[in-house]
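These numbers come from a predicted model, not from an experiment.
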Amino acid sequence: MTSRMAGRILVTTLLLSPLAARAAPGDGFPFLEATVAQLQAEMASGRLTSEQLTRAYIGRIHALDSGGPGVNSIMELNPDALAAARQADQQRRHGVVLGPLHGIPVLLKDNIDTGDRMQTSAGSFALVGRPAVRDSTVAANLRAGGAVILGKTTLSEWANFRSFESSSGWSGRGGETHNPYGIDHNACGSSSGSGAAASANFATVSIGSETDGSIVCPGNANGVVALKPTVGLTSRAGVVPISHTQDTIGPHTRTVADAAAVLSVIQSRTYDGRDPATGSVPLGWRGRFTRPTNIPTDYTQFLNPDGLRGARIGITRVGLKGFTNVTTPAPVTAAIEAAFKALSDAGATVIDLDAAGFTFAPAAGEFGILLYDFKNDLAAYFATRVGVPVARGTLQTAIDFNNAHADVEMPFFNQDIFDLANSLNTTDPDAPQDPGLFGSNSAGMASYNIALDLDQAAGVSMDQALSMFHLDAVVSATDNPAWSTDLVYGDHFIFGTSGLAAGPGYPIVQVPAGAVFGVPLGISFFGTAFSEPTLIRLASGYEAATQARAHNLPTFAATAPFDHIRGALQQAAAGEDQSQSGAPAASSSPVQGTAAVAGAAAAAAPDQAASAKARKALHHL
């Protein structure tokens with residue numbers, strides 16, 4: 001990336017970054033909510049160095065992540081981060097700026113290889129030992145762009161693909177990740193630490209991975225922007241896998257502008273020599289279209305604060321009532337409807353796809369594909385590692401390790417997904433498989449290849465909706481707001497919509513849209529493959545119109561909601577007014593009561609028949 005291009009990105013993002021850098025009461029962090037563009041301007045002027053910025057984030061991590069309220073979003077800090085920051089400063093002094101992330105501290109999910117002194121463990125001690133022998137393509141692209149890799153974030157162990165009973169954000173190595181909006185709340189997963197760390201201002205940006213929901217769900221739960229790229233736009237080389245069919249790597253950021261800047265750096269516009277998907281197309285386009293030759297180098301050019309004006313948006317509420325027997329609470333549905341109304345308020349024409357009778361084809365083969373891919377792809381990744389317990393091993397090796405170290409790896413939940421994947425015949429893609437896992441065709445037949453056809457049909461369905469109604473994007477609520485973490489019963493999902501894009505490998509941009517009792521809620525913009533420019537334009541327009549995050553910053557409160565929960569004696573002992581009031585149940589605008597924010601700041605110091613479980617598990621991978 002040229003210095004001229006970096007300068008253009010800086011100017012664009014400075015103009016379009018929301019006015020979010022307003023400190024929450026009691027939070028004196030000098031870089032609170034600072035954007036990439038703002039920090040670049042400070043460094044360009046000489047008022048700030050990358051070393052100073054990196055030290056500030058490290059101090060905040062010690063104060064609020066490993067200490068204080070204990071968000072626990074950081075797995076480990078890079079011992080070479082300050083040296084990298086000093087190198088970035090020296091380059092800048094000599095007139096060398098490698099890109100929009102030059103000198104910017106970035107956190108990586110702990111399943112993304114870095115060929116340095118840090119571990120890449122996917123949260124499991126089975127991968128702890130000698131660090132990865134080389135950088136993942138994403139890490140290499142970040143370093144080439146001058147970014148400072150600050151550390152690794154916590155995650156759901158094995159990207160939440162070990163057990164049906166898991167708790168998002170928990171791993172044997174990292175423990176449980178917490179939500180900065182309420183420490184007892186879940187950060188969702190599997191990129192839990194990435195979402196929580198970005199929200200808590202522990203770095204300027206962070207990087208997660210997604211198979212189905214693992215970038216966008218933490219974005220929703222932690223009130224940040226989450227960009228899940230088209231499968232193959234970012235390389236998976238050097239990333240602990242679930243599925244080469246669905247895995248992708250993308251950012252968590254506090255603004256759409258920052259997400260656009262990150263994507264400009266981490267993407268692979270052409271084949272990277274390590275991941276065939278970077279020279280191809282995702283499943284939804286396979287056999288239908290070819291990879292574009294005009295993939296942008298700079299996504300910030302698509303930012304537009306008026307990006308929704310004149311746009312045609314299709315909304316769907318399918319699934320929002322839940323995929324369990326739990327009914328979505330009225331305050332949540334009210335917040336969703338307010339978020340949808342904000343689309344038309346910002347100038348978009350909104351088409352109710354459900355009322356128009358359109359039905360999205362499900363990715364009916366998804367879970368079987370993931371199981372099949374996981375068994376083979378994990379062994380291929382283990383072949384790249386040396387000096388760790390599962391090096392050169394197979395899924396069976398990981399199963400054996402967990403059984404031998406059950407006290408640290410399985411204190412709360414088992415490895416039934418591991419066992420299920422390991423039981424499959426993964427040597428013949430046409431071999432008969434269980435229709436309950438792989439779906440089936442009109443003849444009732446099931447196989448891996450048939451499952452691929454079923455999931456491609458989900459992409460064809462999305463493309464039909466876009467074409468039939470002349471849409472710029474499809475929009476739905478992302479997930480239900482974060483729940484209280486429960487290590488006994490596991491995750492409390494009511495709904496999630498990432499499956500609309502997961503099977504075909506299509507992109508999503510999730511953006512904060514409101515709150516329920518102060519707990520964030522977001523909406524997702526969906527499009528066809530390689531439609532990131534359009535989605536960024538629309539999401540930036542929505543962000544500019546609503547400013548949802550800017551008015552609802554994390555409080556690090558012990559719980560959420562934090563008001564109207566103390567008894568009379570507790571209030572009297574604390575000298576509180578017993579008529580305490582706080583945040584409204586559901587806000588028709590993203591603005592939360594200032595009294596509630598101030599109050600929070602003060603408090604801040606498996607078997608084959610498991611199809612229902614499979615549907616639930618798919619929403620946090």
Side-chain angles (χ1 to χ4, degrees), residues 13 17-18 20-21 24 27 29 31-39 53-54 56-58 60-61 64-65 69 71-75 77 101 104-110 112 138 142 147-156 168-169 177-181 185-210 214-229 249-263 265-266 478-479 482 508-512 520 522 539 543 548-550 552-556:
T13 49
S17 294
D27 195 328
F29 186 58
F31 307 111
L32 190 72
E33 298 293 287
T35 66
V36 168
Q38 291 164 348
L39 294 171
L53 180 61
T54 302
Y57 283 129
I58 291 172
R60 185 171 175 86
I61 288 166
L64 297 176
D65 196 72
V71 178
N72 193 37
S73 64
I74 309 301
M75 186 75 79
L77 289 169
L101 298 185
I104 296 294
V106 179
L107 288 164
L108 301 182
K109 186 177 179 179
D110 184 41
I112 300 174
V138 164
L142 286 166
V148 175
I149 297 180
L150 182 59
K152 298 287 184 75
T153 60
T154 52
L155 72 164
S156 309
S168 288
T177 312
H178 304 297
N179 190 314
Y181 282 88
H185 275 50
N186 200 273
C188 203
S190 63
S191 304
S192 315
S194 176
S199 186
N201 284 259
F202 293 152
T204 313
V205 299
S206 58
I207 309 293
S209 67
E210 174 160 331
S214 277
I215 292 174
V216 297
C217 186
N220 174 79
N222 296 282
V224 294
V225 174
L227 197 163
K228 177 231 173 182
I249 315 301
H252 285 123
T253 61
R254 294 180 290 274
T255 66
V256 177
D258 283 359
V262 174
L263 184 60
V265 174
I266 66 172
T478 304
D479 286 278
I508 310 172
V509 178
Q510 121 77 38
V511 63
E543 176 186 65
R549 177 175 170 85
N552 186 37
L553 298 183
T555 63
F556 303 95

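- No side-chain heavy atom of Ile207 sits less than 4.5 Å from a side-chain heavy atom of Leu107.
- Residues Ile249 and Ile266 approach most closely at O-CD1, 4.2 Å, considering heavy atoms.
- In this structure the side chain of Leu227 never reaches within 4.5 angstrom of the side chain of Ile215, judged on heavy atoms.
- Proximity of a side-chain donor or acceptor of Asn179 to a complementary backbone N or O of Ala221 within less than 3.5 Å is detected.
- Under the side chain to side chain donor-acceptor pair (under 3.5 Å) criterion, the residue pairs touching residues 193-202 are Glu33-Asn201, Ser194-Ser206, Ser194-His252, Ser199-Arg549, Asn201-Arg254, with sequence neighbours excluded.
- Put simply, the side chain of Thr177 does not reach to within 4.5 Å of the side chain of Leu155, judged on heavy atoms.
- Between Leu150 and Phe202, every side-chain heavy-atom pair lies at or beyond the 4.5 Å cut-off.
- Judged by distance alone, the side chain of Ser191 and the main-chain N or O of Ser209 form a donor-acceptor pair under 3.5 Å.
- Checking Thr153 against Lys109 by side-chain atom types alone, no donor-acceptor pair falls below 3.5 Å.
- A 4.5 Å side-chain heavy-atom check between Leu32 and Arg60 finds at least one atom pair inside the cut-off.
- At a cut-off of 3.5 Å, with distance as the only test, no side-chain donor of Asp258 or Thr35 sits close to an acceptor on the other residue.
- When atom types are taken as modelled, the side chain of Gln510 and the backbone of Val224 share a donor-acceptor pair closer than 3.5 angstrom.
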Kindly indicate, with the supporting measurements, whether the criterion side-chain contact (heavy atoms from CB on, under 4.5 Å) is fulfilled by Val106 and Val148. CA-CA 6 Å; Val106 179; Val148 175; over 6 Å; no
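- Distance CG/Leu39 to CD1/Ile104: 5.0 Å, rounded to 0.5 Å.
- Judged purely by atom type and a 3.5 angstrom limit, Glu210 has no side-chain atom pairing as donor or acceptor with the backbone of Gly250.
- Between the side chain of Asp110 and the backbone N or O of Lys152, no donor-acceptor pair lies under 3.5 Å.
- At distances below 3.5 Å, at least one donor-acceptor pair connects side-chain atoms of Asn222 with backbone N or O atoms of Pro218.
- Side-chain atoms of Thr154 come within 3.5 Å of backbone atoms of Asn72 as a donor-acceptor pair (strictly under, hydrogens ignored).
- From Phe31, atom CZ reaches atom OG1 of Thr204 across 9.5 Å, with rounding to the nearest 0.5 Å.
- Note: Leu77 CG to Ile149 CD1 = 13.0 Å, rounded to the nearest 0.5 Å.
- From Leu64, atom CG reaches atom CZ of Phe29 across 9.0 Å, with rounding to the nearest 0.5 Å.
- Between the side chain of Ser156 and the backbone N or O of Gly169, at least one donor-acceptor pair lies under 3.5 Å.
- In this structure a side-chain-to-backbone donor-acceptor pair under 3.5 Å is present from Tyr181 to Asn552.
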